[in-house]
Structures are given as C-alpha cells and as structure tokens.
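Written below as structure tokens is the structure these notes are about.
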Amino acid sequence: MTSIQIDEGDSIIEEDTERQQSFATRTRKIQYAVSKRWESEQQSGQRKPQDWMSRIFCRCARQVGSMHFLCERKDGSPIVVAGPMWPFCMFVTVPIICVLGGFVLYFCMLQMKAPLPWWVAIIYAPFLAATLFSLFMVSCRDPGLIERRTAQDPSVNAFLWNEQVGSYRPPDALYCRECQVLIEDYDHLCPWTGTGIGRKNMFAFKAFVVLVNLLCYGSIGITAYVLLS
C-alpha cells in the first residue's frame, strides 16, 4: 500500500511539473535579437530620452530597440508595430497622400462643374484607399524581427554570429542601426514608411511604391486635364 501511494504521489508531482513547464512555455515571450547596448541602458536605467511624440503616442507600447509594439500576441510577437521614424510617416507621408488626393478628388471630380465624369471618382477613391492601406501594411507590420539565438544549431552551419545583438543570425539577416534589432532579409530603412524594410513587409512595400507612383502621376494628369479643359 505504501509503495502504491508513493507511486501515485510521484505521478501527481510529475503531472504538476509538466503542467507548469507547458504553462511557462505558453506564456514565455519571444526574446528578439536586440542591441546589447540598448538592453544595458534599459537595465541600468540610463535609457536615452525618447522624442516627445513617442512619449505621448507610444506611452503604453512595449519598446524593443527602437520599435514600439502597439499590439502584440501572448508570445510577445507584434501585431501592430511602429518603427523608429513613425512620426515622419504619420505627419508627413500620410498628410501628403490624404490632402493632395482629397484635393484632386473633390475639386476635379466631385464638384458639379467638374469636367470629368462621375465614374472617375469611383475608380480614384478606392485607388487612394488602397495606397493608404498598403502604407499601413508596411509601416505597422513586423518587418521580420529575428529571435535571439545564443547557441548554434548543430543542424545549421550557415548561421553567423552578430556581436551587436549577441546572437546568431541567418546569412540574409542584418542589423538595423536605427531599429536596433536584427531584421530578416533586411533591405533598408525607409523614412517615408517610418520603419525598416525586411522579409515580412517587402511585398507590401513594393505594392506601396507602385500604387503611390500611379496615384501621383494619375493625379498630375487629372489636374492638368482639368486646368487645360
């Protein structure tokens, strides 16, 4: 009887341990490969002061390097993220598109004496909305942040060590000085979108570049036609 009770007690302890381990695994947040200098500043309390816009608008966001996680999943992966140059995107890029696009839409298409037919506005307005949506998908999406790897995977020999973040990285991942994180397939930092361009937002970036150029030249053509008619 005593041995049976001991076995049952051991099995209960093992089940509790497994539950705790599974719970810890589910609740563990992803540790991204972020600048070691930034981490040391956070731990020592000698963090650099943020710009006043970030202090106001990103107060409740979790900061990872120079990235601001506005909305994230339980594992810490971002759903909506703002890059280091988000004020330029918010207060320069978006107003330029909205103001100029709205100007063309109202004065060249929606007015009673506009020389263009009404169906042009039906095409132009969704095109303007698609441009803004593609901008959102670039600037507010995870560009491809890399999880920190402190140990080399024996099955993968191509990983390289990056001293700036203290982590192994894939060959196509590079460190962004402005974002202060490793980004997979990192291409460049785009001030117009306010964030780094990597693997996860590259398609949206290409779509935005195509759409904004078509919108720009289309608006110029429409304005010139209205002025000359």
Side-chain angles (χ1 to χ4, degrees), residues 25 27-94 134-153 156 158-206 208:
T25 302
T27 56
R28 184 183 69 87
K29 287 192 174 184
I30 298 174
Q31 298 295 323
Y32 287 105
V34 68
S35 168
K36 292 194 300 182
R37 181 177 180 180
W38 178 84
E39 284 184 327
S40 63
E41 290 175 353
Q42 296 293 308
Q43 293 174 359
S44 62
Q46 298 177 352
R47 63 182 68 180
K48 293 181 179 180
Q50 295 180 335
D51 58 275
W52 64 271
M53 290 185 181
S54 296
R55 289 198 300 268
I56 295 174
F57 295 100
C58 301
R59 177 177 292 273
C60 298
R62 182 167 75 95
Q63 190 175 359
V64 178
S66 297
M67 311 293 285
H68 302 275
F69 290 9
L70 303 176
C71 181
E72 56 184 343
R73 301 179 181 87
K74 292 182 179 179
D75 61 355
S77 58
I79 300 175
V80 179
V81 58
M85 299 189 69
W86 71 266
F88 189 90
C89 175
M90 178 64 68
F91 299 106
V92 177
T93 308
V94 174
S134 64
L135 175 61
F136 173 81
M137 293 300 294
V138 179
S139 59
C140 298
R141 192 178 179 185
D142 175 13
L145 303 181
I146 297 293
E147 187 175 357
R148 173 165 286 162
R149 297 171 180 266
T150 56
Q152 175 71 296
D153 189 352
V156 181
F159 275 41
L160 305 173
W161 177 257
N162 186 281
E163 186 63 30
Q164 292 167 306
V165 298
S167 170
Y168 286 96
R169 64 171 179 86
D172 54 358
L174 294 175
Y175 176 74
C176 175
R177 289 183 298 175
E178 289 79 10
C179 301
Q180 300 187 72
V181 290
L182 276 181
I183 299 178
E184 189 175 4
D185 285 345
Y186 176 68
D187 189 77
H188 69 288
L189 178 79
C190 177
W192 295 99
T193 60
T195 189
I197 307 301
R199 180 178 182 180
K200 292 185 178 180
N201 62 354
M202 177 60 75
F203 178 80
F205 175 75
K206 292 179 179 179
F208 170 71

**Message:** Does any part of the side chain of Met67, heavy atoms only, come nearer than 4.5 Å to the side chain of Val181, both counted from C-beta?
**Reply:** yes
**Asked** Within the distance-only criterion (no hydrogens, no angle test), does the side chain of Ser134 pair as donor or acceptor with the backbone N or O of Ala204 below 3.5 angstrom?
**Response** no
**Message:** Does any part of the side chain of Ser167, heavy atoms only, come nearer than 4.5 Å to the side chain of Tyr32, both counted from C-beta?
**Reply:** no
**Item:** Trace of the side chain to side chain contact (heavy atoms under 4.5 Å, CB included) decision for Leu189 with Cys179
**Value:** CA-CA 8 Å; Leu189 178 79; Cys179 301; 4.0 Å; yes
**Complete:** Here the pair of heavy atoms bringing Arg149 nearest to Trp161 is O-CZ3, 4.3 Å
**Message:** On a heavy-atom basis, which atom in Pro84 and which in Glu178 lie closest, and how many Å separate them?
**Reply:** CB-O, 3.7 Å
**Asked** Between Glu184 and Arg199, which heavy-atom pair has the shortest distance, and what is it?
**Response** OE2-NH1, 2.6 Å
**Request:** Rounded to the nearest 0.5 Å, what's the gap from CZ on Phe203 to CZ on Phe208? Could you check?
**Result:** 14.5 Å
**Request:** Measure from the side-chain N and O atoms of Ser66 to the backbone N and O of Gln180, and report whether any donor-acceptor pair falls under 3.5 Å.
**Result:** no
**Message:** Quick check for you: to the nearest 0.5 Å, what is the distance between Arg62 atom CZ and Phe69 atom CZ?
**Reply:** 5.5 Å
**Asked** Does any N or O in the side chain of Asn201 come within less than 3.5 Å of the main-chain N or O of Cys140, such that one atom is a donor and the other an acceptor?
**Response** no
**Heavy-atom closest pair, residues Gly196 and Tyr186** = CA-CE1, 4.3 Å
**Fill in**
Rounded to the nearest 0.5 angstrom, the CZ-CD1 distance for Arg169 and Ile146 is 10.0 Å
**Prompt:** Does atom CE of Met90 have more than 12 heavy-atom neighbours, drawn from other residues, nucleotides or ligands, at distances under 6.0 Å?
**Reply:** no
**Asked** With distance as the sole test, does Arg148 use its side chain to make a donor-acceptor pair with the main-chain N or O of Val34 at under 3.5 Å?
**Response** yes
**Prompt:** Is there a side chain to side chain contact (heavy atoms under 4.5 Å, CB included) between Val165 and Glu39 once you walk through the steps?
**Reply:** CA-CA 9 Å; Val165 298; Glu39 284 184 327; over 6 Å; no
**Item:** CD-OG1 distance between Gln31 and Thr150, expressed to the nearest 0.5 angstrom
**Value:** 10.5 Å
**Item:** Step-by-step side chain to side chain contact (heavy atoms under 4.5 Å, CB included) determination, Ser139 to Trp192
**Value:** CA-CA 9 Å; Ser139 59; Trp192 295 99; over 6 Å; no
**Item:** For Gln63 against Trp38, the heavy-atom pair lying closest together
**Value:** O-CH2, 3.3 Å
**Item:** Interatomic spacing from OH in Tyr175 to CG in Asn162 - rounded to 0.5 Å
**Value:** 8.0 Å
**Fill in**
Rounded to the nearest 0.5 angstrom, the NZ-CD distance for Lys29 and Glu72 is 4.5 Å
**Thr93 (side chain) donor-acceptor with Thr193 (main chain) under 3.5 angstrom** = no
**Request:** Determine, step by step, whether Lys36 and Glu163 satisfy the side chain to side chain contact (heavy atoms under 4.5 Å, CB included) criterion, reporting the C-alpha distance in whole Å, the side-chain angles of both residues, the deciding distance to 0.1 Å, and the verdict.
**Result:** CA-CA 8 Å; Lys36 292 194 300 182; Glu163 186 63 30; 2.9 Å; yes
**Message:** For a quick test of reading the model, state the closest non-hydrogen atom pair linking Leu160 to Pro171 and the distance between them.
**Reply:** CD1-CA, 4.5 Å
